Trainee: 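Take this structure first; my questions come after.
Along the sequence shown, residues are numbered consecutively beginning with 1. Just so it is clear, the model here is predicted, and its values are computed rather than measured.
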Amino acid sequence: MTGGRGSLVELRDIEIFLTLAEELHFGRTAERLRVSQARVSQSIKQQERRIGSALFERTSRSVRLTPLGDRLRDRLDAGYREIMAGLDEAAAVARGQAGTLTVGTFDTHHQQIATVLDLFRQRHPQCELRMRELLPADPFGGLRAGRVDIGLLWLPVREPDLVVGPQLYTEPLVLAVASDHPLARRGRVEMEELGDHLVVDLEGPIPDYVWQAHTPSVTPAGRPVRRGIAVATLEEGFTAVATGGVVSPVGSFAAASRLRRDITFVPITDGPVLRYAPVWRSAGESALVRAFVRAAADARNTTDPQAGFSVWGTGPG
């Protein structure tokens, strides 16, 4: 900021002027700003010399603004507040307290991390938290494209460009079958029985080792699990299952949110248990990402009785 002859005006001088205009007392102004009274007096005199006129009328008993000082106070106040707000916002971003963080989950899995989301929002109220859905057929695509800052994915994740945080929850699998399928009348099934039926496959860039954690390629006895129709989304998978031509292990959360007349979900007694953890790009790590992971770590031992199948874990494994 410059004066009438282009001389520099320090932000501190503006702060002193505005504070004195509010307090109308040199001693209280100095105490409030934690500077000497001489510093306040010197600053005001410098501003008056730059402007060429008095800003305050001083007597032994009182201090008051001149008409020019009153006008200057009105003009400077809004600008000063805007500058300070901008500085505060920049500092908040640097501390990971503001900005936008996009979190990706499968289907309705954001409900399973409600405790984490609540804790993060409490700690960082200036941050805008956005939720996006990730597709199991392409679990890493959103992260690598920058559409998602951090994703909740099932383990293992062994990608050189991705970082895995602490395990947050687990999800048992159930077997989705058509309601008129012979297995639909069963109270439970075992993984060995997948060798007797065609199983839904995934069409997408999901690595084989990730898909194996969900739907193994062989039964516990070593029989091959034959792949049937390949699908790209959960809804496509349910449509394929409903025809009766294939069966499919699906997550319990998805099953609980999609009760259908044409599909029955049968518990798998010895099925894989999916373990979920936050994952982010190593090159995309930010203060907000670190803040979210801290909130996840702090909330990981909290069990929410409303979280359905959620079981809080102890590590990424």
Side-chain angles (χ1 to χ4, degrees), residues 104-109 112 133-142 151-159 169-277 279 308-309 311 317:
T105 67
F106 294 138
D107 196 45
T108 60
H109 280 224
Q112 311 310 318
E133 183 178 352
L134 299 177
L135 297 179
D138 185 17
F140 309 137
L152 274 296
L153 305 176
W154 77 65
L155 303 176
V157 173
R158 297 191 292 265
E159 303 294 306
Y169 61 94
T170 61
E171 178 186 29
L173 295 177
V174 297
L175 188 65
V177 301
S179 293
D180 58 356
H181 193 282
L183 293 178
R185 297 188 293 272
R186 300 270 298 277
R188 60 183 59 85
V189 296
E190 297 179 352
M191 287 297 292
E192 188 63 34
E193 296 177 79
L194 293 186
D196 301 326
H197 307 277
L198 289 177
V199 176
V200 166
D201 199 7
L202 271 190
E203 181 180 61
I206 182 173
D208 287 342
Y209 76 89
V210 178
W211 186 227
Q212 286 287 328
H214 184 285
T215 303
S217 59
V218 296
T219 68
R223 291 193 296 153
V225 175
R226 295 171 297 146
R227 308 295 183 177
I229 185 174
V231 302
T233 68
L234 186 62
E235 290 302 325
E236 290 181 7
F238 284 142
T239 299
V241 168
T243 66
V246 289
V247 300
S248 180
V250 298
S252 301
F253 305 145
S257 65
R258 286 176 172 79
L259 299 179
R260 302 171 47 148
R261 292 183 178 180
D262 55 353
I263 293 178
T264 298
F265 299 104
V266 185
I268 305 174
T269 58
D270 58 347
V273 174
L274 301 182
R275 299 173 297 120
Y276 289 85
V279 179
F309 298 99
V311 180

Trainee: Where do Glu171 and Ser252 land on the side chain to side chain donor-acceptor pair (under 3.5 Å) test, with the steps shown first?
Mentor: CA-CA 6 Å; Glu171 178 186 29; Ser252 301; 5.3 Å; no
Trainee: Using the six-membered ring wherever Trp is involved, compare the ring planes of Phe253 and Tyr169 and label them parallel, tilted or perpendicular (cut-offs 30° and 60°).
Mentor: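 Taking Tyr169 first and then Phe253, their aromatic rings sit tilted (interplane angle of 30° to 60°).
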Trainee: Looking at every heavy atom in both Leu134 and Phe106, which two are closest together, and how far apart are they?
Mentor: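 The answer is O-CD2, 3.2 Å.
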Trainee: For atom CD1 of Ile229, is the number of surrounding heavy atoms from other residues, nucleotides or ligands below 6.0 Å larger than 12?
Mentor: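 It does not: Ile229 CD1 has 12 such atoms or fewer within range.
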Trainee: Keeping Glu203 on the side-chain end and Ala137 on the backbone end, is there a donor-acceptor pair under 3.5 Å?
Mentor: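 No, because the side chain of Glu203 does not come within donor-acceptor range (under 3.5 Å) of the backbone of Ala137.
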Trainee: Considering non-hydrogen atoms only, spot the tightest contact between Ile263 and Phe238 and give its length.
Mentor: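 Closest approach of Ile263 to Phe238: CD1-O, 3.4 Å.
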Trainee: If you define the side chain from C-beta out and look only at heavy atoms, does anything of Ile268 sit under 4.5 Å from Asp270?
Mentor: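 Ile268 vs Asp270: side chains touch.
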Trainee: Taking the side chain as every heavy atom from C-beta outward, state whether Val250 and Arg258 have any atom pair closer than 4.5 Å.
Mentor: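 A side-chain contact under 4.5 Å is absent here.
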Trainee: Rounded to the nearest 0.5 Å, what separation is found between the NE2 atom of His181 and the CG atom of Leu175?
Mentor: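 Rounded to the nearest 0.5 Å, the NE2-CG separation comes out at 8.0 Å.
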Trainee: Looking only at heavy atoms, what is the nearest atom pair of Pro249 and Leu194, with distance?
Mentor: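 Shortest heavy-atom separation between Pro249 and Leu194 comes out as CG-CD1, 4.2 Å.
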Trainee: Can a cation-pi geometry be assigned to Arg158 and Tyr209, taking NZ or CZ under 6.0 Å from the six-membered ring centre and within 45° of the ring axis?
Mentor: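 Yes.
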Trainee: For a 4.5 angstrom cut-off between non-hydrogen side-chain atoms, does Val157 reach Pro207?
Mentor: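 Not touching, per the 4.5 Å side-chain cut-off.
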Trainee: For the backbone of Val210 and the side chain of Trp154, can you confirm whether one donor and one acceptor N or O come within less than 3.5 Å of each other?
Mentor: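 Here the side-chain-to-backbone pair exists.
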Trainee: Closest approach of Val266 and Arg186, non-hydrogen atoms and distance?
Mentor: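 Taking every non-hydrogen atom into account, CG1-O, 3.6 Å.
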Trainee: Taking side chain as C-beta onward, heavy atoms only, is His214 less than 4.5 Å from Leu202?
Mentor: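 SC-SC contact between His214 and Leu202 ruled out.
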Trainee: Under 4.5 Å between any side-chain heavy atoms of Tyr276 and Thr105, yes or no?
Mentor: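 Side chain of Tyr276 against side chain of Thr105, heavy atoms only: no contact under 4.5 Å found.
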Trainee: Find the distance between CG (Leu183) and CZ (Arg188) and round it off to the nearest 0.5 Å.
Mentor: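 With rounding to 0.5 Å, CG (Leu183) is 13.5 Å from CZ (Arg188).
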Trainee: Would you say Arg227 and Ser217 make side-chain contact, with heavy atoms under 4.5 Å?
Mentor: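 Result yes, sub-4.5 Å side-chain heavy-atom pair found.
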Trainee: About how many Å separate CD1 of Ile206 and CD of Gln212, when rounded to the nearest 0.5 Å?
Mentor: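 Nearest 0.5 Å value for the CD-CD1 distance: 10.0 Å.
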Trainee: Asp262 and Ala242: which non-hydrogen atoms are nearest, and at how many Å?
Mentor: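 So the two residues come closest at OD2-CB, 3.4 Å.
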Trainee: Measure across Met191 and Pro216 and return the closest heavy-atom pair with its distance rounded to 0.1 Å.
Mentor: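 Met191 and Pro216 have their closest heavy atoms at CE-CD, 3.7 Å.
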Trainee: Any side-chain heavy atom of Glu193 within less than 4.5 Å of one from Val247?
Mentor: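 Glu193 does not reach Val247 side chain to side chain.
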